[in-house]
Amino acid sequence: MKLYCLSSDAAKPCFVLSFKELLIMLDCGLSAHSVLNFLPLPPVPSTRLASLPTYTPPHINDPLLEGELKECCGRVFVDSVPEFCPPLDKVVDFSQLDVILISNYTCMMALPFITEETGFKGQVYATEPTLQIGRFYLEELSEWLSEGGATGEGGPGARRWKELVHLLPPPLAQAVRPRAWRRLFSAAALARSLARVRVVGYDERVDLYGALDATAVSSGFCLGSANWVLRSAHEKVAYVSGSSTLTTHPRPINQAALRGADLLVLAALTQTPAHNPDHMLGDLCVHAALTLRAGGSVLLPVYPSGVLYDLLECLSAHLEGAGLGGVPLYVISPVADASLAYSNILAEWVSGGKQARVALPEEPFPHAALARAGRLRHAKALHHLPDFRQPCVVFAGHPSLRFGAAVHLLELWASNPAHAVIFTEPDFPYVEALAPFQPLAMKAFHCPIDTSLNYSQANKLVRELRPRELALPEQYAAGGGAGRPHVGADVPTVVVKRGAAKAAAVRRRAARGTLCGALAARAVPREVAGGSGGLRAAPLAAELRVRDARVELVAPPAPARAAPLHWSSPDVEALVRALAREGVGSARVEAGAEGEGGSIVHLPRHDTLVHVEPHATHVFCEGRPDVRQALRRALAACLPHV
Amino acid sequence: MPEIKITPLGAGQDVGRSCILLSMGGKNIMLDCGMHMGYNDERRFPDFSYIVPEGPITSQIDCVIISHFHLDHCGALPYMSEMVGYTGPIYMTHPTKAIAPILLEDMRKVAVERKGESNFFTSQMIKDCIKKVTAVTLHQSVMVDNELEIKAYYAGHVLGAAMFWIRVGSQSVVYTGDYNMTPDRHLGAAWIDKCRPDLLISESTYATTIRDSKRCRERDFLKKVHECVEKGGKVLIPVFALGRAQELCILLETYWERMNLKYPVYFALGLTEKANNYYKMFITWTNQKIRKTFVQRNMFDFKHIKPFDKSYIDNPGAMVVFATPGMLHAGLSLNIFKKWAPYEQNMLIMPGFCVQGTVGHKILNGAKKIEFENRQVVEVKMAVEYMSFSAHADAKGIMQLIQYCEPKNVLLVHGEAQKMEFLKDKIEKEFSINCYMPANGETAVINTPTKIPIDVSLRLLKAEAVRYNAQPPDPKRRRVVHGILCVKDNRLSFLDIDEVCEEIGINRHIIRFTSTVRFDDPGPAVKTAEKLKGLLTEKLQGWSITISDGNISVESVLIKVEGEDDSTKNIYVSWTNQDEDLGSYILGLLQSMVQ
């Protein structure tokens with residue numbers, strides 16, 4: 001068994017596990033940190049962004065670099081369409097992948113990079129909400145970027161700067177392998193890729209080519225989020241990615257299914273270990289209420305699903321309590337309507353409390369009621385809201401602030417200190433996200449809400465699950481700076497880093513098959529004395545049927561004689577006596593060749609020699625079958641056998 | 001041979017109520033726990049005393065599985081769990097768990113408050129009962145205990161209806177509940193994978209019918225309704241609150257819209273909105289089309305269909321009313337029927353099956369006068385139409401399902417004896433598998449092949465695969481492996497001989513025999529060997545015979561030729577003890593060649 005790591009971002013993992021002749025990809029996260037190096041892509045042309053000064057590195061005069069870099073408040077940005085950092089494609093040939101298992105919608109954004117135009121022929125499995133909400137995320141991204149003509153291969157982008165990265169000022173200089181960055185896929189590639197996904201339910205056993213069973217079990221992180229358990233009759237691998245032990249809206253984590261694995265792969269822990277999500281939610285409500293009361297509006301750059309539902313629920317209740325019940329809440333996203341409607345039909349995927357509401361029957365999430373009451377409005381884009389009222393709370397993407405409606409709102413509100421922007425998504429450092437909008441007069445708050453496991457929760461989980469071996473991305477391992485939180489367990493640990501493969505200790509010895517009753521009845525197992533106790537054995541000749549990698553042992557039509565097993569060595573005296581009983585007398589015993597400790601039994605009447613050695617008996621005889629049978633019987637009588 | 005035993009306590013050669021006992025591998029499972037709508041006395045509940053004459057029932061039943069929310073499948077559940085005292089696990093899907101208590105409560109009200117029955121379960125009992133239910137999702141494998149596993153498949157009969165696959169050890173059964181193999185206006189078609197169960201327990205309500213295409217039936221239905229209301233008649237459609245009602249509502253709604261009709265359409269029950277809400281929230285259980293379009297327009301928001309009020313019964317003029325319950329055995333639909341039946345211009349459309357003993361059943365059988373309690377007699381002059389909209393599989397559908405899942409045996413329930421007989425014949429002929437149809441209280445016993453789980457050594461398999469792949473491909477070639485069957489702590493493994501020796505720490509002792517044949521064949525020894533190989537290849541077809549350095553080997557048999565060029569050769573034939581048969585055969589062959 002081998003584990004490859006293809007992603008440098010532990011929160012957007014991508015592993016490949018090779019096991020039982022299968023190549024199984026675990027998640028395909030897309031690292032979007034790279035987009036922070038680019039200038040924002042405003043939905044409405046912005047004069048401020050267009051008039052930023054061009055940057056040229058000192059002492060460099062490269063005409064090809066002309067206009068590729070712009071400067072804003074001392075930071076250099078690439079003036080081109082944003083690019084993403086997909087999983088490494090040099091280590092594993094994507095056309096050889098058999099299966100892709102997706103744990104949740106935040107870890108599947110690179111799917112089209114893997115499945116389209118790579119010769120990929122395998123299967124992709126995800127839960128239904130993962131597919132649907134993942135579709136919202138991807139379509140939203142694709143729609144924003146295609147508005148700016150920034151998907152697919154169309155049009156040349158800035159490229160020259162990648163050759164000169166080492167000469168550029170930080171943080172651009174620290175960009176990791178910018179030459180591997182890619183533009184977002186086209187909408188068509190996205191649709192093709194999502195059409196490949198096969199939907200599974202929690203605890204549904206998916207048969208992977210007869211070799212393994214894969215089961216998605218609830219991970220408690222978001223709607224439809226799953227940990228995957230790969231199981232054969234003798235081995236068990238658990239992939240724990242994006243899990244949460246907190247109580248929020250999704251179904252709680254199923255820990256029992258992960259217990260006792262031979263290998264536990266741990267990924268996508270919290271990105272903000274220092275922030276408690278509950279406190280952050282409280283802070284957020286307070287900041288929002290204060291801003292609104294002072295007549296300012298609040299912008300929350302968010303994804304179109306996930307924590308958004310909790311934010312809507314908590315914030316609306318808090319504002320109501322603060323006497324701000326009349327403040328409109330807007331959700332602006334190309335997929336807002338679908339996301340809000342869809343969340344309310346996922347009764348089977350939500351927590352017990354929300355499920356109980358469905359039995360009434362009421363929607364599991366209160367935002368349907370908020371929408372009916374007119375407090376919550378949603379729109380595809382800002383200009384679809386003719387009666388946009390302020391002060392208000394706007395939920396809009398993208399959290400990186402490089403594209404989407406949030407860019408436009410930030411441009412509008414940046415100079416007004418009454419307004420506030422509150423960052424809740426943990427994927428991007430907020431200071432960097434805001435950099436191209438500097439100087440900024442509006443307030444900025446950082447209240448990251450990441451419900452994924454933190455390090456102490458992860459350590460506790462590993463202790464409880466008792467895997468035989470643990471695999472971690474290097475970011476989570478001990479070492480590299482004292483005091484840095486890490487996952488430490490008293491089990492053998494394999495640390496993997498991007499581009500590397502590590503062998504795990506799991507070794508296979510047997511396959512599980514079935515034995516048919518008729519054949520079982522034929523075998524008469526006998527106690528094996530001398531061996532370790534309690535073992536019974538019988539020689540068996542079976543017809544082997546292998547179908548879909550399943551092994552079946554059935555009775556052969558013509559009963560083939562099973563090969564007996566003899567062990568130990570015969571006592572020569574006993575052999576001579578046994579031979580006499582069989583009617584083969586007048587045996588002479590001679591010492592064998594010197595140094596070997598064997599002996600030779602000579603049967604002159606039958607022209608036969610029996611060489612008896614510690615591990616073998618060799619009979620030289622003339623062709624008479626009756627003598628040979630007698631010899632066999634005699635040998636069998638003085639050798640233990642089954 | 002291991003057995004599977006099935007005893008229907010209901011639904012054995014009848015359609016009244018489903019309750020089937022299944023035992024296999026030491027587990028007892030109750031499939032559905034329905035009540036009979038045609039009876040008002042204790043006969044309406046299954047005879048639980050069959051399971052245990054007295055004493056606790058929980059120890060006798062490992063789990064109860066409910067296929068869908070119709071009362072003839074779940075009606076006796078509160079009775080069983082709260083009054084008989086069953087405390088074990090109960091499984092059903094999420095929509096069933098949400099909707100069943102409402103229908104149960106509805107029925108309880110009719111039985112207790114209208115008919116004044118006693119010894120019936122209370123509202124609280126229904127609530128307590130539903131609390132004990134474990135909800136399952138489609139395709140989820142649920143381990144009831146270490147050995148018993150169940151899994152639900154989509155059945156398409158009503159919202160949340162499921163078929164269940166049940167496995168104990170190597171034995172498996174599929175129970176269909178009620179299912180529908182053709183997608184309709186709001187539900188998809190039943191689906192199951194090729195799970196090859198030992199037994200398929202299938203409903204057979206429409207065992208002999210091959211229904212005409214759905215479109216025709218729909219057109220027929222709309223035409224009849226339209227004609228009736230055009231003439232000023234009133235149309236009564238008795239339905240159950242959830243299920244067919246929604247399909248017919250969608251149908252009428254779109255027709256009314258298209259034809260721009262203004263006649264009032266009513267849905268008679270406070271449940272309407274609530275019922276439609278369930279559909280909205282469990283939209284993942286409806287068909288593809290509704291699921292795809294629900295964000296833009298929810299199909300269950302009806303514009304033309306208004307709630308009904310009792311006072312409308314006597315309103316003059318045309319109208320269409322959907323009223324519950326569906327079999328005209330009680331409640332509002334029966335009240336409306338009594339009022340409207342004596343008038344010729346009115347029409348009754350029965351869109352589903354009626355159980356024996358109900359008013360609906362009598363009318364469908366052509367009764368022109370119905371007697372009620374208190375000597376009330378109603379003359380039936382209104383037109384009566386029966387249109388089968390019940391979402392059951394027809395004969396074609398049943399055969400299709402058998403084809404899908406490839407069972408080794410089929411057992412028919414939930415149908416009438418004669419019709420079952422016909423279908424049984426058909427199944428046995430077409431699939432050459434056994435088909436059973438036990439009556440209530442009768443037990444069907446099905447033998448299944450023994451399959452014992454065993455661990456097969458990879459070393460053994462790999463060695464065999466190498467040998468097998470070395471030969472020219474032939475899918476019919478039998479693959480025989482030799483090894484040692486080991487039993488330890490009740491676990492079986494099949495190992496290579498050397499592995500066994502390592503495992504238990506013994507030294508293997510090999511016995512080898514060598515015989516010499518003298519052969520007068522001038523020429524170099526290599527030539528002789530070639531000649532022998534030719535002979536062996538001819539005689540031992542299907543064996544792999546190799547020759548290297550003048551030594552021929554077949555399995556463990558070695559043949560070596562020695563001797564000077566122009567003299568008699570010594571042919572040594574040597575084999576190990578386990579290849580005695582082959583060795584002695586070859587020796588015999590060479591001896592006869594020499595002579």
Side-chain angles (χ1 to χ4, degrees), chain A residues 201-205 337-338 341 345 347-348 358-359 361 363 508-517 520 523 525 528 530-532 534-544 551 553 556 560-569 615-623 625 628 632 635 639, chain B residues 1 94 97-98 137-142 170 274 277-278 281-284 294-295 449-458 461 464 478-489 492-494 497 500-501 504-515 517 577-578 580-581 584 587 591:
Chain A
Y202 282 149
D203 305 326
E204 174 177 350
R205 274 193 289 122
D337 54 345
I345 66 161
E348 281 144 293
V358 176
E363 284 95 350
R508 302 182 54 226
R509 297 192 54 192
R512 177 57 61 85
T514 58
L515 175 68
C516 94
V528 177
S532 49
L535 186 117
R536 289 180 305 143
L540 190 69
E543 185 183 334
L544 181 70
V551 176
L553 298 176
R561 193 168 305 157
L565 165 64
H566 299 269
W567 66 91
S568 158
S569 59
H615 296 302
T617 298
H618 203 152
V619 180
F620 296 92
C621 58
E622 283 323 300
R628 201 164 58 240
R632 293 182 75 202
L635 278 166
L639 272 176
Chain B
M1 262 209 178
H94 284 267
K97 185 180 175 182
T137 52
L138 284 182
H139 304 164
Q140 174 192 6
S141 305
V142 181
S170 65
K274 222 173 165 188
N277 266 342
Y278 281 114
M281 252 167 275
F282 286 111
I283 231 150
T284 46
F294 90 95
V295 176
T450 320
K451 278 189 179 167
I452 307 157
I454 185 168
D455 286 337
V456 185
S457 136
L458 280 183
L461 287 176
E464 193 277 341
R478 298 188 180 280
R479 308 173 66 166
V480 176
V481 280
H482 291 266
I484 304 286
L485 178 76
C486 295
V487 190
K488 192 174 186 183
D489 307 330
L492 268 66
S493 49
F494 191 48
I497 285 183
V500 177
C501 297
I504 49 184
I506 51 176
N507 290 320
R508 185 177 176 196
H509 193 85
I510 297 167
I511 303 169
R512 186 167 264 285
F513 295 91
T514 303
S515 287
V517 180
N577 192 33
Q578 70 257 31
E580 168 70 19
D581 291 351
S584 59
L587 182 64
Q591 282 169 337

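Below, chains carry the letters A, B, ... as their sequence lines are ordered, and counting in each starts from 1. What's counted below: heavy atoms across the whole structure, side chains too, no hydrogens, waters or symmetry copies.
A distance of 10.5 Å separates CG in B/Asn577 from CZ in A/Arg628, rounded to the nearest 0.5 Å. Taking CZ from B/Phe494 and CG from A/Leu540, the interatomic distance works out to 4.5 Å, rounded to the nearest 0.5 Å.
Between the B/Ser457 side chain and the A/Ala510 main chain, no donor and acceptor come within less than 3.5 Å of each other. A side-chain donor-acceptor contact under 3.5 Å links B/Tyr278 to the backbone of A/Ala359.
Using a 4.5 Å cut-off between heavy atoms, A/Phe620 contacts chain B through both its backbone and its side chain. Both the backbone and the side chain of A/Val358 come within contact range of chain B, each with at least one heavy atom under 4.5 Å from a heavy atom of that chain. Within the 4.5 angstrom heavy-atom criterion, no atom of B/Val517 approaches chain A. For A/Pro525, the part sitting under 4.5 Å from any heavy atom of chain B is the side chain, from C-beta outward, and nothing else. In this structure, chain B has a heavy atom under 4.5 Å from the side chain of A/Ala523, while its backbone stays farther away. Contact of A/Leu635 with chain B is made through the side chain alone, with heavy-atom distances under 4.5 Å. Within the 4.5 angstrom heavy-atom criterion, atoms from both the backbone and the side chain of B/Phe513 approach chain A. Within the 4.5 angstrom heavy-atom criterion, atoms from both the backbone and the side chain of A/Leu544 approach chain B. Contact of B/Ile454 with chain A is made through backbone and side chain together, with heavy-atom distances under 4.5 Å. Heavy atoms closer than 4.5 Å to chain A are found nowhere in B/Pro449, neither backbone nor side chain.
Residues A/Thr617 and B/Ile510 are not in side-chain contact: their nearest non-hydrogen atoms beyond the backbone lie 4.5 Å or more apart.
Taking B/Arg512, B/Glu464, B/Arg508 one by one and counting their heavy-atom pairs under 4.5 Å with chain A, the maximum is reached by B/Arg512. Looking only at heavy-atom pairs under 4.5 Å with chain B, the residue among A/Glu348, A/Arg509, A/Arg205 that has the most is A/Glu348.
When only modelled atom types and interatomic distance are considered, A/Ser568 and B/His509 share no side-chain donor-acceptor pair under 3.5 Å. Between the side chains of A/His615 and B/Asn507, no donor-acceptor pair is found at a separation under 3.5 Å.
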